[in-house]
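To keep things clear, I will list the structure first and then write my remarks on it.
In what follows, chains carry the letters A, B, and so on, assigned in the order in which the sequence lines appear, proteins first and then strands, with residues in each chain numbered from 1.
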2 protein chains.
Amino acid sequence: MTRKTPSKKPDSLPPDSEAAFLAGYDATVFERPSVAVDVVVLTASRGGLRVALYLRSEHPGKGRWALPGGFVRMDESLDAAAARLLRDKAGLSDLFIEQLYTFGAPGRDPRWRIITVAYYALVDPRRFDEIRVEKGARAASIHVPWSGEEGGPVEVRGDADKPLPLAFDHAEIIGTAVKRLRGKLDYTPVGFQLLPAQFTLRALQDVHETVRGESVNKDSFRRRMLAGGLIEATGEHEREVEHRPAELYRFIRRSAV
Amino acid sequence: MTRKTPSKKPDSLPPDSEAAFLAGYDATVFERPSVAVDVVVLTASRGGLRVALYLRSEHPGKGRWALPGGFVRMDESLDAAAARLLRDKAGLSDLFIEQLYTFGAPGRDPRWRIITVAYYALVDPRRFDEIRVEKGARAASIHVPWSGEEGGPVEVRGDADKPLPLAFDHAEIIGTAVKRLRGKLDYTPVGFQLLPAQFTLRALQDVHETVRGESVNKDSFRRRMLAGGLIEATGEHEREVEHRPAELYRFIRRSAV
DNA sequence: AAAATAGTGTCTATGAGACACTATAGT
DNA sequence: ACTATAGTGTCTCATAGACACTATTTT
């Protein structure tokens with residue numbers, strides 16, 4: 001890692017000049033923010049949207065719940081850092097994961113300046129429940145106080161619907177993830193990431209209703225999904241249900257066209 | 001600015017524990033990436049999409065063209081840094097500006113680790129052309145080698161369609177901005193940010209066609225825009241044109257509902 | 001048989017595209 | 001009068017919602 005020596009540091013420069021730009025450049029050699037990555041691990045089931053949280057046992061944010069996160073290493077990309085944290089803290093890999101937004105308000109961490117690049121990951125409920133239960137890990141249900149894609153912070157609740165206090169600006173980060181997910185649901189194949197490999201149309205509809213926070217028209221939904229060319233029937237049917245078993249479908253990954 | 005002293009640094013910790021998290025935390029006291037902000041200033045006219053670029057006069061990237069950018073100060077938010085850079089480097093303020101994506105590949109800057117939070121700003125062609133012409137400022141036209149919202153790097157060209165070499169990963173950053181703009185055009189009032197306060201429906205259609213890179217149906221477009229409730233007629237008409245003058249419209253900012 | 005959900009067929013309302021037409025400016 | 005663009009009316013087609021109906025499993 002080579003560092004530019006802070007030799008060139010002119011006092012007066014014409015504003016907006018390239019030289020002024022480079023002067024500002026050198027200044028950061030002395031003081032830099034820390035850069036972290038936080039991951040919003042989301043799942044959807046009939047009970048609603050859930051997120052993986054960890055209880056902070058030390059200050060700051062002691063006694064509050066936080067997203068899995070950590071600092072970016074100097075030799076890894078942001079995507080790699082997110083994948084590493086997901087693996088180390090939640091024991092999950094090979095998930096859909098995407099960069100969400102970067103949060104950098106000066107006071108968001110009381111210690112010093114920490115800029116966090118937030119990611120969100122999607123996982124089906126079965127794998128979500130398999131998250132290694134380490135000290136303090138918990139699946140919290142998300143309550144969205146806004147409708148549509150307005151955005152804003154959310155509330156999370158634990159067992160018995162008890163509200164969980166969130167550390168830092170994590171309520172806003174989770175809210176941003178929900179907003180993004182709602183926006184992508186209709187136009188991308190993101191919904192399938194919240195389901196196991198095989199699923200019924202009803203399960204797919206449940207996912208859409210859970211994410212959007214409102215019910216959708218059953219007939220239209222079925223037609224749209226079947227006409228979309230993104231799923232195909234497996235020929236198999238679900239078993240051990242108390243009613244007529246539905247056919248199982250699988251998601252077709254868009255092949256190279 | 002208080003710094004946690006690097007006193008606590010245990011050698012062996014149970015993996016995935018909170019203590020391990022905090023150890024990783026302390027490590028960053030010693031080595032941190034720099035954090036920059038780059039702004040993609042976009043405008044649309046019948047000639048196509050254009051972006052504001054600056055010639056780099058020093059290494060790295062000497063002789064190449066770069067987005068206006070600079071380092072985030074320790075006491076300002078990311079949004080504030082973007083607004084400051086837009087004002088100082090392009091002389092523009094009060095524009096639509098939004099965070100785009102954060103680029104952090106380890107090798108993207110050959111000097112040392114620089115993570116850049118990219119923003120994009122939209123401006124109408126008249127104001128774009130008013131950008132203070134300082135040393136090296138230039139409006140480059142964007143050529144998009146992909147269709148729809150596939151994404152990927154773009155090419156930029158200067159006068160006489162001469163290709164301009166871009167510094168760092170700025171071709172990818174501009175491509176990401178174009179992709180985002182295309183995605184938002186149909187579902188948000190973002191198109192109006194590329195027009196002056198009063199505009200004709202034809203001008204609005206030009207903006208959509210320029211951004212999307214393909215022609216749209218005239219009748220349907222007019223109906224959609226008029227039915228959308230986002231614009232209203234001013235009663236005035238354009239003047240000094242070689243044909244029937246069109247009515248001028250204005251964008252209605254969504255009032256609190 | 002009753003209950004519950006899966007899955008199908010048909011009608012209707014809405015909105016986009018296509019096309020034909022009229023209107024109004026400059027030359 | 002001719003040309004270019006603005007703006008309107010109407011037809012058709014595709015799709016979403018609504019509703020009624022049939023199908024298949026467990027209890």
Could you tell me how far apart [X] ([atom1]) and [N] ([atom2]) are, to the nearest whole angstrom?
{"X": "Glu236(A)", "N": "dA6(C)", "atom1": "CD", "atom2": "P", "answer": "18 Å"}
{"X": "Glu238(A)", "N": "dT26(D)", "atom1": "CD", "atom2": "C1'", "answer": "12 Å"}
{"X": "His237(A)", "N": "dT26(D)", "atom1": "NE2", "atom2": "C1'", "answer": "16 Å"}
{"X": "Met225(A)", "N": "dT15(D)", "atom1": "CE", "atom2": "C1'", "answer": "14 Å"}
{"X": "Leu226(A)", "N": "dT8(C)", "atom1": "CG", "atom2": "C1'", "answer": "11 Å"}

Handout entry: His243(B), nearest nucleotide to its side chain (from dA4(D), dG7(C), dA4(C))
Key = dA4(D)
Exercise for the section: Look at the side chain of Arg244(B) and the base of dA4(D), then say whether one donor and one acceptor between them are separated by less than 3.5 Å. Expected result: no
Practice task
Say whether Tyr120(B) and Glu98(B), considering side chains only, have a donor N or O and an acceptor N or O under 3.5 Å apart.
Solution key: yes
Problem - Aromatic contact, Tyr187(A) with Tyr187(B) (centres under 6.0 Å) - result: yes
Handout entry: Near-ring test Phe192(A)/Phe199(A), centroid separation under 6.0 angstrom
Key = yes
Practice task
Under 4.0 Å from any atom of DNA chain C, heavy atoms only: list the residues of residues 200-224 of chain A that qualify, in numerical order.
Solution key: Arg202(A), Lys218(A), Asp219(A), Arg222(A)
Exercise for the section: Apply side chain to side chain contact (heavy atoms under 4.5 Å, CB included) to Leu53(A) and Leu166(A), showing your working. Expected result: CA-CA 9 Å; Leu53(A) 295 176; Leu166(A) 285 166; 3.7 Å; yes
Practice task
Enter the distance from Glu150(B):CD to Arg182(B):CZ here, rounded to the nearest 0.5 Å.
Solution key: 9.0 Å
Handout entry: From Ile115(B) atom CD1 to Thr102(B) atom OG1, the distance as rounded to the nearest 0.5 Å
Key = 8.5 Å
